[in-house]
2 protein chains.
Amino acid sequence: MAQAIRVQQVSPLKASCHQCSLSNLCLPLAVEENDLDRLEDIVQQGKIYNRGEHIFDQSTPFRSCFAVKSGSVKTSIITEGGEEQVTGFFMPGELIGLDSMSSETYACTAKALERTSVCEFPVDKLEELTGKLPELQHHMYHLMSQEIQNSHQLAMLLSKNTAEERIAALLLSLSSRFRRRRMSATNFSLPMARNDIANFLGLAVETVSRVFTRFQNQGIIKARGREVELLDVEALQMVTRDFARQGSQ
Amino acid sequence: MAQAIRVQQVSPLKASCHQCSLSNLCLPLAVEENDLDRLEDIVQQGKIYNRGEHIFDQSTPFRSCFAVKSGSVKTSIITEGGEEQVTGFFMPGELIGLDSMSSETYACTAKALERTSVCEFPVDKLEELTGKLPELQHHMYHLMSQEIQNSHQLAMLLSKNTAEERIAALLLSLSSRFRRRRMSATNFSLPMARNDIANFLGLAVETVSRVFTRFQNQGIIKARGREVELLDVEALQMVTRDFARQGSQ
DNA sequence: CAACGACATTGATCATGGTCAAGTATAACA
DNA sequence: TGTTATACTTGACCATGATCAATGTCGTTG
């Protein structure tokens, strides 16, 4: 007993998928208990990044996908003109890099929004493994398909919805993702800056600010800086009209 | 020789992947000549749909992915409120249904824009086969990843670009896709209505119309109904500013 | 060939949200 | 603990594209 604990302490970076609290969200979700070792064989666990550090950079050779273990990550595309487009925010258990699997280089840049640890899955080994574990392959298809759907939902949000609707939708999406991770769904701290929110939702920072204060005046939320409290979730859902991205990123 | 031709004529629906002119764009692209038979075993070829007919419907049980063989297809999501969001246009050789692989039901509706024939790949068999053919698996990852990238590009277009830029981008995308299929890149017929273009690009129909005539007045294109001629591709590229979706859908 | 319906174009007006500018709060650092 | 840089908020004004309304064109069918 004491030995088992000691082993764990001696090699904290090798903490196994077996005892990771995210195993019900992350890749291990799809793998049988006895095959989990094979997944552990290919993963490099526990890399740590500080706020603002890049996990990978666009146009750099694509090697690995990454699962967020703790903290949070923002992905974005930089155009030739130097404009940034935020393509997603990622929370613990979510997989980054799926959009790069068609190219030799990363299709976007991933940046830690706070102190963040990630697990790295080299793609060559991952592909080899999914070829052997049908369940894992299925899960990969599942995740990638989900990513497509999310992106379609985002496109829809951008093309059809008002500023208020977009922001309400984002708040609700974050809320349900926090809930899944057993954190408060009504009381959380936004990992990203207003700027990132604006960019992600295709708005100006000023507009985001204005909508936040408007929601606040209506008693729907309480916000001070990045600290947010959802006071009236029903009202938020009303704002989003017909919007179906409930439990997904 | 004559026999070979006769066989082909007797069973036109069973025309093989081997002799399909799209094999360099479609799934066979990834498969060794000797493994092609296994792909043929699972595919149902040559289903024909008339203009306006649905290939599959949102919320219907998800069974298969489809490759366009000839014609063209539009996919769209219908929200609870009954609003439509066009998520993509598909041309011969392109694969439809990848966004549904994470759900029990189709995530969108696919509609033939003209008389269209498609090849059907039942997913259960497809997954089984990709488990055995690493090249095919890799290709599936590739296609899905591409789809994510396309969708991100669309999101970017919607959130950052003006009406003119969006339409120029769409025209260029169509152009390069026609070129790949060995059709004229400057002289083609739009398979979709102005309405679909507007919806896809997050614009009003009227705006699409206006931009078309503006481009025409500037001598950049010539358009009569769905018949389009690109007179000055350079100018179109200028309009799209920093835009990188060259050869992709 | 007439007549209908769907699709497309054009014009006039208006609203949402962008831009510019200034000011305030917060966080990072010496 | 002051000092600066960064993030956020608020206000005034303006532009792009949506909306409403009317007219025009095409293709289909009796």
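Every chain is numbered from 1 and lettered A, B, ... according to where its sequence line falls, protein lines coming before strand lines.
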**Message:** I need the CG-P distance between N199(B) and dA18(D), as an integer number of Å.
**Reply:** 12 Å

**Heavy-atom check, side chain of K74(B) versus side chain of F90(B), under 4.5 Å** = no

**Message:** Main chain of F62(B), side chain of S100(B): is a donor-acceptor contact present, judged purely on distance under 3.5 Å?
**Reply:** no

**Prompt:** Looking at R214(B) and E164(B), does any basic side-chain N land under 4.0 Å from a carboxylate oxygen?
**Reply:** yes

**Request:** Answer yes or no: is there an ion pair linking E83(B) with K160(A), defined by an N-O contact shorter than 4.0 Å?
**Result:** no

**Item:** Nearest-angstrom distance from the residue atom CG of L201(B) to P of dT16(D)
**Value:** 18 Å

**Item:** Atom-pair distance (NZ on K160(B); P on dT19(C)), nearest Å
**Value:** 10 Å

**Any donor-acceptor pair under 3.5 Å from R51(A) side chain to R115(A) backbone** = no

**Item:** Axis deviation across the helix from dC1(C)-dG30(D) to dA30(C)-dT1(D), five-pair ends, to the nearest 10°
**Value:** 40°

**Asked** How would you list, by chain and number, every residue that makes a side chain to side chain contact (heavy atoms under 4.5 Å, CB included) with R194(A), sequence neighbours excluded?
**Response** L190(A), V205(A), V208(A), F212(A)

**Request:** Taking the six-membered ring for Trp and the single ring otherwise, decide whether the centroids of F66(A) and F56(A) are under 6.0 Å apart.
**Result:** yes

**Prompt:** Quick one: E227(B) CD to dT9(C) C1', roughly how many Å, whole number?
**Reply:** 18 Å

**Request:** Using atom CG of L203(B) as one end and atom C1' of dT16(D) as the other, report the distance to the nearest whole Å.
**Result:** 11 Å

Atom pairs and distances, side-chain donor-acceptor, residues 215-231 of chain B, under 3.5 Å, sequence neighbours left out:
residue, atom, partner, partner atom, Å
Q216(B), OE1, A223(B), N, 2.8
N217(B), ND2, T213(B), O, 3.3
R226(B), NH1, P191(B), O, 3.1

**Request:** Using a 4.0 Å heavy-atom cut-off across all strands, classify A204(B) as base, sugar-phosphate, or nothing.
**Result:** base

**Asked** Salt bridge between K47(B) and E120(B), side-chain N to carboxylate O under 4.0 Å?
**Response** yes

**Item:** Base-contact (B) and sugar-phosphate-only (S) positions in nucleotides 3-11 of chain D, heavy-atom cut-off under 4.0 Å, - elsewhere
**Value:** -----SBBB

**Prompt:** Can you list the residues that meet the side chain to side chain donor-acceptor pair (under 3.5 Å) rule with R181(B), with sequence neighbours excluded?
**Reply:** E94(B)

**Message:** One character per nucleotide, please: for nucleotides 22-30 of chain D, 5' to 3', B when the base has a protein heavy atom closer than 4.0 Å, S when only the sugar-phosphate does, - otherwise.
**Reply:** ---------

**Prompt:** Taking atom P of dG17(D) as reference, at what distance in whole Å does atom CG of N161(B) sit?
**Reply:** 10 Å

**Message:** Determine whether Q85(B) and T79(B) satisfy the following criterion, side-chain hydrogen bond (donor to acceptor under 3.5 Å, both in side chains), listing intermediate values before the conclusion.
**Reply:** CA-CA 8 Å; Q85(B) 165 73 33; T79(B) 67; over 6 Å; no

**Asked** For L190(B) and dT9(C), what is the distance between atoms CG and P respectively, to the nearest whole Å?
**Response** 10 Å

**Asked** Could you give the CD-to-P distance, from E83(A) to dG18(C), as a whole number of Å?
**Response** 13 Å

